[in-house]
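Order of the sequence lines sets the chain letters (A, B, ...), proteins ahead of strands, with each chain counted from 1.
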There are 2 protein chains.
Amino acid sequence: MNLQQLRYINEVVRQGLNVSAAAEALFTSQPGVSKQIRQLEDELGVEIFARQGKRLVEVTEPGREVLAIAARMLGDLDNLRQVGAEFSNESVGKLSIATTHTQACYVLPKVVHAFIERYPQVGLSLQQGNPPQVCELVRSGRADLVIATESVADYPELLSLPCYEWNHCIIAPLGHPVLDTAPLSLNEIARWPIVTYDSAFTGRNQINRAFQSHGLEARVVLTALDADVIKTYVRMELGIGIVARMAYDPTLDIGLGMLDAGHLFDSSVTHLGLRRNAWLRSYTYDFIELFAPHLTRRVIDRALKADGSEYAI
Amino acid sequence: MNLQQLRYINEVVRQGLNVSAAAEALFTSQPGVSKQIRQLEDELGVEIFARQGKRLVEVTEPGREVLAIAARMLGDLDNLRQVGAEFSNESVGKLSIATTHTQACYVLPKVVHAFIERYPQVGLSLQQGNPPQVCELVRSGRADLVIATESVADYPELLSLPCYEWNHCIIAPLGHPVLDTAPLSLNEIARWPIVTYDSAFTGRNQINRAFQSHGLEARVVLTALDADVIKTYVRMELGIGIVARMAYDPTLDIGLGMLDAGHLFDSSVTHLGLRRNAWLRSYTYDFIELFAPHLTRRVIDRALKADGSEYAI
DNA sequence: CCATATTACGGTTTGCGTAAGAATC
DNA sequence: GATTCTTACGCAAACCGTAATATGG
């Protein structure tokens with residue numbers, strides 16, 4: 001048994017049980033992959049893949065177990081490389097962050113700025129997507145950490161750490177009557193057409209719940225994936241916007257007024273997700289602490305290692 | 001990088017940084033081991049071992065990280081083989097249990113009997129030792145599970161599951177006046193010379209604490225590692241014995257009388273220890289359930305997977 | 001001087017790629 | 001017939017063991 005075989009079966013699954021595609025993705029020959037997989041199956045004494053004639057059609061039950069263990073081993077292989085890189089030079093490396101638009105645009109800029117100043121030799125990359133997508137990037141090892149408000153806690157493979165709590169606000173073109181309301185109420189908001197986030201995004205659940213629990217129906221005339229688009233349509237006077245509070249900047253968002261709506265909706269919590277049993281570079285700890293000061297190295301390590309060691313009778 | 005290199009560094013540490021000994025233990029040549037270790041260090045870009053001239057003198061800091069990850073990977077390698085064995089034939093295999101004398105003699109016999117009847121093709125082996133020793137056997141992969149009253153929870157690498165609660169009793173030669181006391185009190189016990197367990201064994205702590213908290217001094221004239229030895233000396237009228245309740249059997253222990261002392265001492269809890277992220281054979285689950293019926297497969301899996309995924313802000 | 005680790009070298013094994021063959025859609 | 005996996009075969013690299021060399025107690 002060797003690690004190459006584990007890489008092969010892992011990639012074959014990733015490619016939807018297509019050995020040829022896996023071989024190509026791993027820059028090797030297809031017969032080589034095929035043969036190594038057979039060898040692994042022979043050695044373990046179980047079929048990992050069920051075949052129909054000459055085609056792989058599904059992962060067997062033992063295969064699922066094997067693949068789960070193999071994935072962890074490959075993750076550990078990555079970890080070994082991380083350790084090597086860390087101790088070779090602790091301020092050179094890469095850091096790949098998977099996140100959503102809201103975080104990338106309104107929260108991360110100042111964190112990223114501080115980080116690249118501190119670690120000029122770390123290649124930082126932001127990968128954007130919707131919550132399930134960015135979680136998947138981390139799960140599969142293509143990103144080091146995910147920052148998102150939704151989904152993170154739904155991935156059992158990820159350790160989910162709450163970072164900060166936030167709420168929504170109302171935006172409207174300057175001069176819009178809603179901006180003069182004080183105090184702002186759900187009834188008042190419900191009088192106007194609304195532009196807000198797409199479902200399953202950036203706390204949209206909290207918005208729906210608030211209206212429902214007050215027996216109100218919000219007239220959502222348009223939903224969008226991010227606050228920039230929402231602002232655009234609010235400027236066009238299509239309606240008033242409900243966006244994350246941090247997405248409004250009085251100096252940049254000229255022509256728009258804002259009213260805090262924190263008292264009207266349940267707050268949302270932005271989470272940070274890490275692969276469990278990932279080994280983190282020191283600059284990764286620092287990045288996280290820049291982002292969420294309460295998440296010190298100590299706290300993160302404790303969370304990664306915590307394992308529920310003692311169970312009641 | 002390959003798994004062999006990980007085996008090598010792991011064994012070198014186990015052999016006290018002696019490459020020759022490691023080579024011998026792994027049935028290979030010493031230069032081969034030496035070279036592979038160098039290759040691994042080159043590939044990772046860090047020294048795993050610090051050398052003085054031609055001798056390995058200590059594990060470096062990156063080395064410690066590397067070794068920890070390597071150990072997990074080797075554990076997973078074992079797990080892969082377990083999966084293979086399980087699905088090849090789920091009632092053939094081996095099960096190695098590390099435990100203390102008390103468990104092996106007085107608790108396990110009926111469990112073992114039921115197990116070998118159910119799984120005649122599983123080679124069962126009991127390894128005996130003191131609590132730290134048996135924990136270490138499991139930690140290093142030389143045993144599958146540990147059953148002991150002490151130490152298990154002290155090993156962070158082990159998942160510790162409480163199994164059952166028990167207490168002590170007093171034994172004395174038939175006709176000894178202490179046997180007529182009712183109710184039995186600590187004061188009464190303290191009047192006599194005592195034979196009991198060695199420290200760090202089988203609930204000895206609970207015994208000490210009870211006397212201390214009552215301002216009494218127990219006259220312990222002899223300590224022993226196991227109940228059989230204690231009984232022998234009690235028969236010799238060296239004193240009265242304090243042993244685990246389950247160590248007394250009225251039909252076997254002729255010439256000895258027993259008084260329950262459950263109301264005098266804090267109870268002890270016997271624990272079962274498993275390597276975290278071990279993959280268990282189905283018969284291992286069954287063995288555990290035979291031993292502690294509340295530890296069903298479901299419960300064990302939940303405990304193994306529990307990881308403290310959600311942390312408060 | 002003995003024990004121990006590294007370097008050097010040759011043989012075997014293993015893994016990989018090309019080419020051909022078989023099976024399924 | 002096109003795609004996809006398996007088998008066959010030859011080459012190259014990696015691994016391992018023996019022998020020789022260097023280093024420290």
Original post:
Are any side-chain N or O atoms of A:R276 and backbone N or O atoms of A:L158, one a donor and one an acceptor, separated by less than 3.5 Å?
Top reply: yes
Original post:
Touch check for B:F49, heavy atoms < 4.0 angstrom, all strands: base, sugar-phosphate only, or nothing?
Top reply: nothing
Original post:
Which part of the nucleic acid, if any, lies within reach of B:Q39 when heavy atoms closer than 4.0 Å are counted: base, sugar-phosphate only, or nothing?
Top reply: sugar-phosphate
Original post:
B:Q36 or A:P31: which one's nearest nucleotide on DNA chain D is closer to the 5' end?
Top reply: A:P31
**OP:** Indicate, yes or no, whether a donor-acceptor pair under 3.5 Å links the base of C:dT4 to the side chain of B:R55.
**Re:** no
Among [options], which nucleotide has an atom closest to any side-chain atom of [X]?
X: A:Q4; options: D:dC16, C:dC16, C:dT6; value: C:dC16
X: B:S20; options: C:dC16, C:dG17, C:dT4; value: C:dT4
X: B:R38; options: C:dC16, C:dT6, C:dG21; value: C:dT6
X: B:S29; options: D:dC16, D:dC15, D:dC5; value: D:dC16

**OP:** Return the orientation label for the B:Y283 and B:F115 ring planes: parallel under 30°, perpendicular over 60°, tilted otherwise.
**Re:** perpendicular
**OP:** Would you kindly compare B:K35 and B:V19 by the position of their nearest DNA chain C nucleotide and give the one closer to the 5′ end?
**Re:** B:V19
Original post:
Take atom CD in B:E90; do more than 12 heavy atoms of anything else shown fall under 6.0 Å from it?
Top reply: no
